[in-house]
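The next block holds one structure in the form of structure tokens; read it before the comments.
Quantities reported herein were computed from a predicted structural model and do not represent experimental measurements.
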Amino acid sequence: MLKYPIINGLFSAAFATLLIFDFFWEIRWWSYILLVAVWATLTIIGSFHIRWNYHLPALHFNKKIRDNLVAISFDDGPHPNFTPRVLELLQKYNARASFFCVGQQVNQYGGIAKKIVDNGHTIGNHTYTHSNKFGFFGTQKVLLELQKTNTTIKEATGLEPKLYRPTFGVTNPSINKAVKKLKLTTVGWNIRSLDTTQRSKKVILERITNKIKKGDIILLHDSSEKTVEVLEQLLLFLQQHKMQSVTVDQLLDIEAYA
């Protein structure tokens, strides 16, 4: 897979080559524009597609797993109206999941965050504010967001997360530096449910179940009625197909907490 440092190196080499050739022969101006456009396009796409691992390494699935296991994960909570119901459903079907929580939400609903852990699920870092501008934050601001979230989660649950999921799946060099400094493990997904869109429950469920296989990580959000209803149908599907949902750290065989 393409990596940001490699692309930057190739771009610099290509640009230098053009300059050398331009010294001896006249190079068309549009050659420079085309080169910059290719670099910019790859970088923009790579920044918004976490599965490219373009700016930082992330874990998205476990192809080597032998057992019939998957990992359901939730972003953006805890939410007072929906997370408790998600926890009830998971308990009903004897399933485990992972919750990548927003620090501000944990600060408000610490009791729900503690219940997540007490029920045997994993809790991870999903930034403190979940700002729409997070992708434009500098390294220091990213560090503060991630540190504050870890502190807030630890105060609520007694556990300090090692797992991080980028907001909107956006990555960049600043986020990479912050994640490395804090020694966090970035966890992505390979089945995106799109449950936050206007798609119907039927379409969302089919989007998951039509391609699910052992080792997959499913992305949901514990922040809507629609997701709660999809979740129950998904858990029924897994039960019928003798598949089990576990936490991402169990699926990937990694440490969840410091």
Give a yes or no on whether the backbone of [Y] and the side-chain of [X] come within a donor-acceptor separation of less than 3.5 Å.
{"X": "Asn62", "Y": "Gly215", "result": "no"}
{"X": "His79", "Y": "Asn81", "result": "yes"}
{"X": "Asp195", "Y": "Thr227", "result": "no"}
{"X": "His126", "Y": "Arg165", "result": "yes"}

Mind checking whether [X] and [Y] have side chains closer than 4.5 Å, heavy atoms only?
{"X": "Gln105", "Y": "Asp76", "value": "no"}
{"X": "Leu251", "Y": "Ser98", "value": "no"}
{"X": "Ile116", "Y": "Leu87", "value": "yes"}
{"X": "Thr129", "Y": "Glu145", "value": "yes"}
{"X": "Leu238", "Y": "Ile72", "value": "yes"}
{"X": "Phe100", "Y": "Val187", "value": "yes"}
{"X": "Phe74", "Y": "Leu231", "value": "yes"}
{"X": "Leu90", "Y": "Asn119", "value": "no"}

Fill in the blank from the handout: Contacts satisfying side chain to side chain donor-acceptor pair (under 3.5 Å) that involve residues 243-258 (not counting sequence neighbours) are Thr122-Asp249, Thr247-Asp249
Practice task
Taking the six-membered ring for Trp and the single ring otherwise, decide whether the centroids of His121 and Phe99 are under 6.0 Å apart.
Solution key: yes
Handout entry: salt bridge (Lys or Arg N to Asp or Glu O under 4.0 Å) involving Glu225 - partner list, sequence neighbours excluded
Key = Arg85
Completion exercise
Apart from Leu56 itself, its cluster of hydrophobic side chains linked below 4.5 Å comprises Phe134, Phe137, Val142, Leu143, Leu146, Tyr164, Ile175, Val179, Leu182, Leu184
Problem - Connected hydrophobic set around Tyr128, excluding itself, where side chains approach under 4.5 Å - result: none
Exercise for the section: In plain terms, say whether Asp216 and Lys213 are close enough for a salt bridge, that is, a side-chain N and a carboxylate O under 4.0 Å apart. Expected result: yes
Handout entry: Any residue meeting side chain to side chain contact (heavy atoms under 4.5 Å, CB included) with Thr151, in chain and number order, not counting sequence neighbours
Key = Glu155
Work out which heavy atom in [X] is nearest to a heavy atom in [Y]; give both atom names and the distance.
{"X": "Ile50", "Y": "Gly188", "result": "CD1-CA, 4.1 Å"}
{"X": "Thr167", "Y": "Thr127", "result": "CG2-OG1, 3.3 Å"}
{"X": "Gly124", "Y": "Ile153", "result": "O-CD1, 3.6 Å"}

Please set out all donor-acceptor pairs under 3.5 angstrom arising from side-chain atoms of residues 196-204, sequence neighbours excluded.
unit_1: Thr197; atom_1: OG1; unit_2: Leu194; atom_2: O; d: 2.7
unit_1: Thr197; atom_1: OG1; unit_2: Arg199; atom_2: N; d: 3.3
unit_1: Thr197; atom_1: OG1; unit_2: Arg199; atom_2: NH1; d: 3.2
unit_1: Ser200; atom_1: OG; unit_2: Val203; atom_2: N; d: 3.2
unit_1: Lys201; atom_1: NZ; unit_2: Glu229; atom_2: OE1; d: 2.4
unit_1: Lys202; atom_1: NZ; unit_2: Glu206; atom_2: OE2; d: 2.8

